[in-house]
Protein chains: 2
Amino acid sequence: MARITGDGAVETGVVKLKDVALRAGCSVATASRVLNGHPTVGPAEKERVLAAAAQLGYVPNNSARALRSQSTSLVGVVIPTLDHAIYAKMVGGLQERLARSGKAVIISTSDYDLERERMQAKLLVGRGVESIVLVGLEHHPETLEYLRRAGVSQVFTYTCELGDGDAAVGFDNRLAGASVARFLLERGHTRFGMIAGVTRGNDRATQRRDGFIATLTEAGIQRQDIIVVEAPYRIENGRAAMQSLMQTHPRPTTVFCGSDILAVGAIKYCHSAGIAVPEDVSVVGFDNLEVAELVTPELTTVDVPAREMGEAAADALLRLGEKKGSFIVTELPTRLIVRGSTGPAAARR
Amino acid sequence: MARITGDGAVETGVVKLKDVALRAGCSVATASRVLNGHPTVGPAEKERVLAAAAQLGYVPNNSARALRSQSTSLVGVVIPTLDHAIYAKMVGGLQERLARSGKAVIISTSDYDLERERMQAKLLVGRGVESIVLVGLEHHPETLEYLRRAGVSQVFTYTCELGDGDAAVGFDNRLAGASVARFLLERGHTRFGMIAGVTRGNDRATQRRDGFIATLTEAGIQRQDIIVVEAPYRIENGRAAMQSLMQTHPRPTTVFCGSDILAVGAIKYCHSAGIAVPEDVSVVGFDNLEVAELVTPELTTVDVPAREMGEAAADALLRLGEKKGSFIVTELPTRLIVRGSTGPAAARR
DNA sequence: CTGTTAGCGCCTTCAT
DNA sequence: ATGAAGGCGCTAACAG
């Protein structure tokens, strides 16, 4: 698809900066300067370059630009999975906000595996990302070391602890777990169950659990009256976990779930087993997903501002680019949304 | 933060091919050959290069590789929104499958706006993507023209019509709508409502609606016994739309919703208004989201293989790269999942 | 203010 | 089978 231009040059496919310079009658350096808004260019020259670029439909080659300038305007994000709305929405907020600043987002998933996260992060560095957005505080030490050496700034989300990162955007998972505990204590509950997410390699799940338990024990609840199980975030697992909890004697008067996903599974089990919610057992979730308002009874849960977190992560990342070497912590509020799945403690039987 | 390695080299930041060659005691050419699986390398040399690369944690610089080889291994995807699970999951499948082939995914969103989609597509081309994954068949003509000129192959998803694209991976929305109509006819329904998604610029919503209506009219249903409203995919809108449908006289014995999101809103309205589902009115959704099994009664819906679609899109895109200029159509099956929200037609009142 | 020059990191001829 | 060298397209020094 070669074609002959007005001035006789033969072009094949893509137009390069050289072509623009040729047509504008200047050097590639000047053309480059104009196109990059460099000020020291005469207005006449400038005009010609711009016109030439427009006529030729010039599109800069980002690979060359990136290679040369060592800057790609690329941001990497590694999340556990796109199947969970909270992560997907976070990425949505991130992407949208970054797009306004001309940055693009390369996405990848780790499936809650810190080792996979490490690999993904390396690949992203190879892609030339200048910053990387990770979920949580806990990561493979090598991941962070590698990123640091590569000069890639690190933004942690879903946590407001900075750890070894450059920025943290999120909330205090421990505090959130504690707030649920306090709420349930106030309602007079005495025996507690928890269906936590898998805590291995997941600081969010760990802290929610720890904050919950610590607050209960500080309030005088015996450790034997707190029974904790772990389950991957899937409805089926919530159901099975609830079943095991409901088979203990005496059974908990309330169950706190590390995610709404688990909570709806738990409620589903109760329905099938003839256990009344909240009369027999109160259930609390986490995340405030859309489903929270769709189950019967509606789910008491902790609202997590997923989209806002993505937007705030974008802001943090942008500021990090401006002042290199600074640290940013943005704490976002969570709040307990009380709905029908919780009530006063069930009568002892 | 330079550090001294065992063999005395000073490293700053990222490991380059030169570093690997140095440590392996060979030339960069040889190292390159080994890392690219070029056959003509002695096994001893090969071993050393691989070891060196592993020890140093070498990651190729994609900008350089892209510049040299004129190929970026970058794929762009534009979806309406990451807030809806079907799109998020599709992207998840796409990303995961492409990662295996060393391709990265740059993501962006259009918010169901074809004009925004056009802009995003242009930006992606500027980023050097070699293929682009779009949702649906209908796009701004300029979008497709631009992509074609830039040599970017186009994969459409959620449709199995090729249109002006190079590949289509999805299902027949019209047929899916028709299958719902047939199912409801068999159950003896006589007056039909539909809460469709917004059809403007959305061929999926349009075709689901058209297939539904066409099948009904072909079966002898009068057009006045089919009432259709449109609503953006949000629970609240489903609720409001259902309210308006339930206020017509005589009211429909069944309502087909263009998405489970709308359907759960519709069911929610029924609960609040004392309308029994499915006794008073049957409800059918679309997508088979997780919520479909969580509402009461559970939702009859059309299962859409979102993740598989992403994976199939990746496959199509890969094949497209191999045989330039070919066309690929992959039709994925949908199936009607019958649950408790549908029953025989309600008794006439 | 503009042009010339020297690479960015990698792959791939071309020699050996 | 291996190494040396050139250049992908662009930008940032440095000259002029």
Side-chain angles (χ1 to χ4, degrees), chain A residues 11-50 52-53 56-74 122-123 125-130 150-151, chain B residues 9 11-50 52-53 56-74 102 125-128 130 150:
Chain A
E11 295 178 21
T12 62
V14 268
V15 358
K16 297 171 282 187
L17 190 56
K18 195 175 72 177
D19 301 320
V20 175
L22 205 67
R23 193 191 245 270
C26 68
S27 73
V28 291
T30 302
S32 171
R33 280 193 270 263
V34 171
L35 265 13
N36 292 345
H38 216 287
T40 67
V41 178
E45 210 73 63
K46 189 168 176 174
E47 184 74 17
R48 297 224 307 285
V49 171
L50 256 21
L56 263 32
Y58 171 70
V59 177
N61 179 325
N62 263 282
S63 300
R65 175 181 294 203
L67 178 58
R68 174 63 238 228
S69 64
Q70 304 285 41
S71 98
T72 56
S73 309
L74 243 32
K122 281 190 145 189
L123 290 174
V125 169
R127 290 280 172 191
V129 301
E130 296 167 334
Chain B
E11 295 179 19
T12 62
V14 192
V15 177
K16 296 172 284 187
L17 190 56
K18 196 176 71 178
D19 302 318
V20 175
L22 204 66
R23 191 191 247 268
C26 69
S27 71
V28 292
T30 303
S32 171
R33 280 192 269 260
V34 171
L35 266 11
N36 293 346
H38 216 286
T40 68
V41 179
E45 209 73 59
K46 190 167 175 175
E47 185 74 14
R48 298 225 306 285
V49 170
L50 255 21
L56 263 32
Y58 170 70
V59 177
N61 178 324
N62 268 281
S63 299
R65 177 175 285 192
L67 177 58
R68 173 63 230 231
S69 64
Q70 304 286 42
S71 91
T72 57
S73 312
L74 243 32
V125 170
R127 290 279 171 192
E130 295 168 333

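Proteins get letters first, then strands, A, B, ... in listed order; numbering begins at 1 in each.
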Original post:
A/Ser63 side chain to B/Ala66 main-chain N or O, any donor-acceptor pair under 3.5 Å?
Top reply: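 Here the side-chain-to-backbone pair does not exist.
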**OP:** Could you tell me whether the side chain of A/Asn62 and the main chain of B/Gly126 form a donor-acceptor pair under 3.5 Å?
**Re:** yes
Original post:
Considering heavy-atom distances to DNA chain D, does B/Ser69 or B/Val41 have its closest nucleotide positioned more toward the 5' end?
Top reply: B/Val41
**OP:** Let me know, please, whether B/Ala64 or B/Ala29 comes out on the 5' side of the other along DNA chain D by nearest nucleotide.
**Re:** B/Ala29
Original post:
Reckon B/Leu17 touches a base, only the sugar-phosphate, or nothing at all at heavy-atom distances under 4.0 Å?
Top reply: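 Sugar-phosphate contact only - B/Leu17 comes under 4.0 Å of backbone atoms but never of a base.
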**OP:** Using the side chain to side chain contact (heavy atoms under 4.5 Å, CB included) rule, take A/Arg127 and B/Ser73 through it: C-alpha gap first, then chi angles, then the decisive distance, then the call.
**Re:** CA-CA 10 Å; A/Arg127 290 280 172 191; B/Ser73 312; 3.4 Å; yes
**OP:** Shoot me the first and last contacting nucleotide of DNA chain D against chain B, ordered 5' to 3', at under 4.0 angstrom to non-hydrogen atoms.
**Re:**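 From 5' to 3', the first and last contacting nucleotides are D/dA1 to D/dG9.
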Original post:
Can you name the nearest heavy-atom pair linking A/Arg65 to A/Pro60, along with the distance?
Top reply: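 Closest approach of A/Arg65 to A/Pro60: NH2-CB, 3.3 Å.
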**OP:** Provide the closest heavy-atom pair for A/Leu56 versus A/Arg23 in the form atom of the first, atom of the second, distance.
**Re:** CD1-NE, 3.0 Å
Subject >> More than 12 heavy atoms of other groups within 6.0 Å of A/Glu47 CD >> reply: no
Original post:
Given B/Val20 and B/Val34, is the side chain to side chain contact (heavy atoms under 4.5 Å, CB included) satisfied, shown in steps?
Top reply: CA-CA 11 Å; B/Val20 175; B/Val34 171; over 6 Å; no
Original post:
So A/Lys16 and A/Asn61, side chain to side chain contact (heavy atoms under 4.5 Å, CB included) or not? Walk me through it.
Top reply: CA-CA 8 Å; A/Lys16 297 171 282 187; A/Asn61 179 325; over 6 Å; no
**OP:** Would you grab the first and last nucleotide of DNA chain C (5' to 3') that comes under 4.0 Å of any non-hydrogen atom in chain A?
**Re:**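 Extent of the interface on DNA chain C: C/dC1 to C/dG9.
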